[in-house]
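Just so you know, these numbers use all the heavy atoms, side chains as well, and skip hydrogens, waters and symmetry mates. Each chain gets a letter, A, B and so on, in the order its sequence line appears, and its residues count up from 1. These numbers come from a predicted model, not from an experiment.
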Protein chains: 2
Amino acid sequence: MTVVLSLKGKKVALRMKAVSAAVEAGEKGGRGRKASKETRRQQLIEATIDSLAKRGYAETTLADVADGAGLSRGIVNFHFESKENLLIATLQFMADEYGAHWSAALEKAGESAASRLWALVAADFDRKICTKRKLAAWCAFWGEAKSRPTYQALCGARDVKYQDTFISLCAELKAEAGYGYDAETIALSLGAMMEGLWFRLMMGDGLTREKAHAASIEYLVSVFPGHMTHHGPK
Amino acid sequence: MTVVLSLKGKKVALRMKAVSAAVEAGEKGGRGRKASKETRRQQLIEATIDSLAKRGYAETTLADVADGAGLSRGIVNFHFESKENLLIATLQFMADEYGAHWSAALEKAGESAASRLWALVAADFDRKICTKRKLAAWCAFWGEAKSRPTYQALCGARDVKYQDTFISLCAELKAEAGYGYDAETIALSLGAMMEGLWFRLMMGDGLTREKAHAASIEYLVSVFPGHMTHHGPK
DNA sequence: ATATATTGAATGAATATTCAGCAAGTATGT
DNA sequence: ACATACTTGCTGAATATTCATTCAATATAT
């Protein structure tokens with residue numbers, strides 16, 4: 001149990017180093033052989049996000065994912081059956097994470113429509129969600145979504161459900177203060193703006209999360225002057 | 001000169017039909033063997049845009065492009081050396097076309113900052129530029145751009161140059177009417193919104209060019225009330 | 001011991017690239 | 001006019017490469 005691996009030692013050491021930090025931190029199985037099925041799946045999903053962010057969709061290979069996870073070539077097919085399944089699971093994971101974060105923000109927000117809208121906008125630019133790495137992975141899927149119904153459904157879930165909430169919040173504000181604008185139109189432009197800001201963050205021409213968030217707030221203040229200030233909902 | 005091709009007739013007929021209308025309409029060489037080098041390149045670029053729109057970046061193959069153009073398998077390597085070159089030429093073409101359209105819109109616009117800004121916004125949602133087909137092709141490249149410097153440069157050209165114009169136009173309007181907002185922030189949110197609208201048009205959940213344009217106008221009117229109306233610049 | 005997770009070399013399918021040859025046009029010689 | 005050589009766009013079968021998938025062997029856990 002102690003000797004044996006003199007020859008393989010180096011390779012193993014390299015692998016250990018490659019394992020993502022998220023998984024290294026204990027949890028259930030940790031790493032090595034002990035990792036539970038679910039842990040290993042998560043580890044591979046994280047490696048997939050890394051690869052998508054680093055090399056884009058077209059250049060993401062199972063070999064790269066396996067290397068990134070510090071595991072061997074056949075590992076993905078063992079845990080996910082196919083590359084396609086891995087990619088779908090990855091997108092599913094990101095969609096779930098986004099949805100959970102979004103719902104949590106709505107929970108924590110106050111009762112008023114203004115504070116809810118404010119909270120939703122803030123949530124989109126939160127550290128946890130709005131990473132260059134994750135934005136890049138989203139974008140990789142977006143690029144393929146139009147020609148792949150499965151991806152489109154998972155990406156679109158984001159739009160459909162959330163856009164409806166935006167619309168009704170905008171409608172509430174309108175009813176309260178009698179803004180002249182059409183609620184749907186405003187919700188559309190707000191949502192589109194935030195998506196565009198995400199996109200530019202990903203492309204990364206010196207735009208920061210803070211600036212993007214500030215631009216969104218500027219929009220809220222100018223469209224809903226009776227409800228919003230630069231520092232929060234009234 | 002008349003007989004000979006009895007055997008190949010059918011195949012040739014099919015090919016002729018597949019040739020895009022744009023190329024069929026005379027110009028220099030027309031089609032068949034006569035097509036000039038430049039015409040053929042353009043024909044292949046159009047077929048590439050078709051393939052990108054239909055199948056996405058990852059699924060676009062040279063075979064599909066060749067089939068779409070009604071030509072044989074080796075044709076792309078003959079005219080472009082490599083797939084990579086074809087894709088770069090395609091993106092270059094789209095970027096040039098966009099830029100030319102944009103510049104033309106600026107030329108035709110009036111002198112005032114308000115009418116220039118109005119014209120630029122309208123240009124983005126013009127029939128010629130804003131096709132589902134072309135938006136899909138743009139999106140295919142966007143998805144790969146982050147991991148490919150060449151693509152990023154060509155996609156980014158759009159942002160850098162045009163964003164600066166947006167900023168100075170917004171600054172002019174601010175100087176004229178003393179709006180309280182920061183010009184850069186407003187230009188950022190406006191540009192991001194338009195990109196986001198493009199993106200949603202491509203995803204196509206019932207959003208139309210007209211609605212997208214209307215949303216942009218709503219934004220202009222609400223941010224620059226002293227300069228814009230729903231029907232045009234003051 | 002047995003079951004399970006993992007490895008990594010082998011396999012095969014997809015597809016980019018190459019290239020020898022074909023055919024339509026063009027120039028030159030008779 | 002006609003024949004001959006030459007150029008050039010194009011073809012499509014052959015080749016090379018990349019990569020997902022498989023699976024027999026191996027390591028580890030219970």
Side-chain angles (χ1 to χ4, degrees), chain A residues 1-9 11-12 14-16 18-19 23 28-44 47-48 51 55-67 69-88, chain B residues 1-12 14-16 18-19 23 28-44 47-48 51 55 57-67 69-88:
Chain A
M1 202 190 188
T2 41
V3 197
V4 182
L5 36 88
S6 59
L7 220 166
K8 288 198 169 181
K11 195 179 237 176
V12 169
L14 284 173
R15 284 211 172 133
M16 290 298 120
V19 171
V23 174
K28 186 175 184 176
R31 61 206 157 149
R33 186 63 63 122
K34 287 183 208 159
S36 75
K37 228 157 172 121
E38 209 36 59
T39 306
R40 189 103 309 160
R41 279 175 64 96
Q42 191 55 38
Q43 180 186 2
L44 288 168
T48 305
S51 184
R55 331 206 325 166
Y57 185 96
E59 305 288 312
T60 287
T61 66
L62 292 188
D64 193 53
V65 170
D67 288 353
L71 295 166
S72 71
R73 292 297 142 99
I75 197 70
V76 165
N77 286 281
F78 181 79
H79 285 283
F80 288 92
E81 292 283 311
S82 70
K83 183 185 183 182
E84 176 75 3
N85 280 353
L86 170 67
L87 290 167
I88 289 170
Chain B
M1 202 190 188
T2 42
V3 196
V4 181
L5 36 87
S6 59
L7 221 166
K8 288 196 169 183
K10 195 179 171 189
K11 195 179 240 178
V12 168
L14 283 173
R15 286 211 171 132
M16 289 299 120
V19 171
V23 173
K28 187 176 184 175
R31 63 209 155 145
R33 188 62 63 115
K34 286 181 209 161
S36 75
K37 223 148 176 129
E38 208 37 59
T39 307
R40 192 84 335 145
R41 278 174 64 96
Q42 191 56 37
Q43 181 187 0
L44 288 168
T48 305
S51 184
R55 329 204 330 163
Y57 185 97
E59 304 289 312
T60 287
T61 65
L62 292 188
D64 192 53
V65 171
D67 289 352
L71 295 166
S72 70
R73 290 296 142 99
I75 196 69
V76 165
N77 286 281
F78 180 78
H79 284 284
F80 288 91
E81 292 283 310
S82 70
K83 183 183 183 184
E84 175 76 2
N85 280 352
L86 170 67
L87 290 167
I88 289 171

remark   = Applying side chain to side chain donor-acceptor pair (under 3.5 Å) to A/Glu59 and not counting sequence neighbours gives B/Arg148
note = Output for pair (A/Ile88 CD1, A/Lys83 NZ), nearest 0.5 Å, gives 12.5 Å
message = Output the rounded distance in Å from CD (B/Glu59) to P (C/dT15).
response = 7 Å
remark   = One should read off an interatomic distance between B/Leu62 CG and B/Ser82 OG, to the nearest 0.5 angstrom, of 8.5 Å
request  = Could you go through the side chain to side chain contact (heavy atoms under 4.5 Å, CB included) check for B/Arg55 and B/Thr61 one step at a time?
outcome  = CA-CA 9 Å; B/Arg55 329 204 330 163; B/Thr61 65; 3.9 Å; yes
remark   = Against the side chain of B/Leu62, the closest entry in D/dG12, C/dT17, D/dA20 is C/dT17
message = Expressed as a whole number of angstroms, how long is the span from A/Ile75:CD1 to C/dT4:C1'?
response = 12 Å
remark   = Separation between CG (B/Asp67) and CZ (B/Arg73), nearest 0.5 Å, reads 4.5 Å
query = The side chain of A/Thr61 lies closest to which of these nucleotides: C/dT15, C/dT7, D/dC19?
reply = D/dC19
ask   = Starting at NZ of B/Lys37 and ending at P of C/dA24, how long is that distance when rounded to a whole Å?
value = 19 Å
query = Looking at DNA chain D, which of residues 77-88 of chain B put a heavy atom within less than 4.0 Å of it?
reply = B/Phe78, B/His79
Rounded interatomic separation in angstrom, taking CG from B/Leu71 and P from C/dC22 = 20 Å
key: Full working for side chain to side chain contact (heavy atoms under 4.5 Å, CB included) between A/Gln43 and A/Thr39   = CA-CA 6 Å; A/Gln43 180 186 2; A/Thr39 306; 5.6 Å; no
remark   = Rounded to whole Å, the CG-P distance (A/Asp67 to D/dC19) equals 12 Å
task = Rounded to the nearest angstrom, tell me the gap between atom CZ in A/Arg40 and atom P in D/dA29.
result = 12 Å
task = Using whole Å, report how far CZ of A/Arg73 lies from C1' of D/dT18.
result = 12 Å
query = Starting at CZ of A/Arg55 and ending at C1' of D/dT18, how long is that distance when rounded to a whole Å?
reply = 11 Å
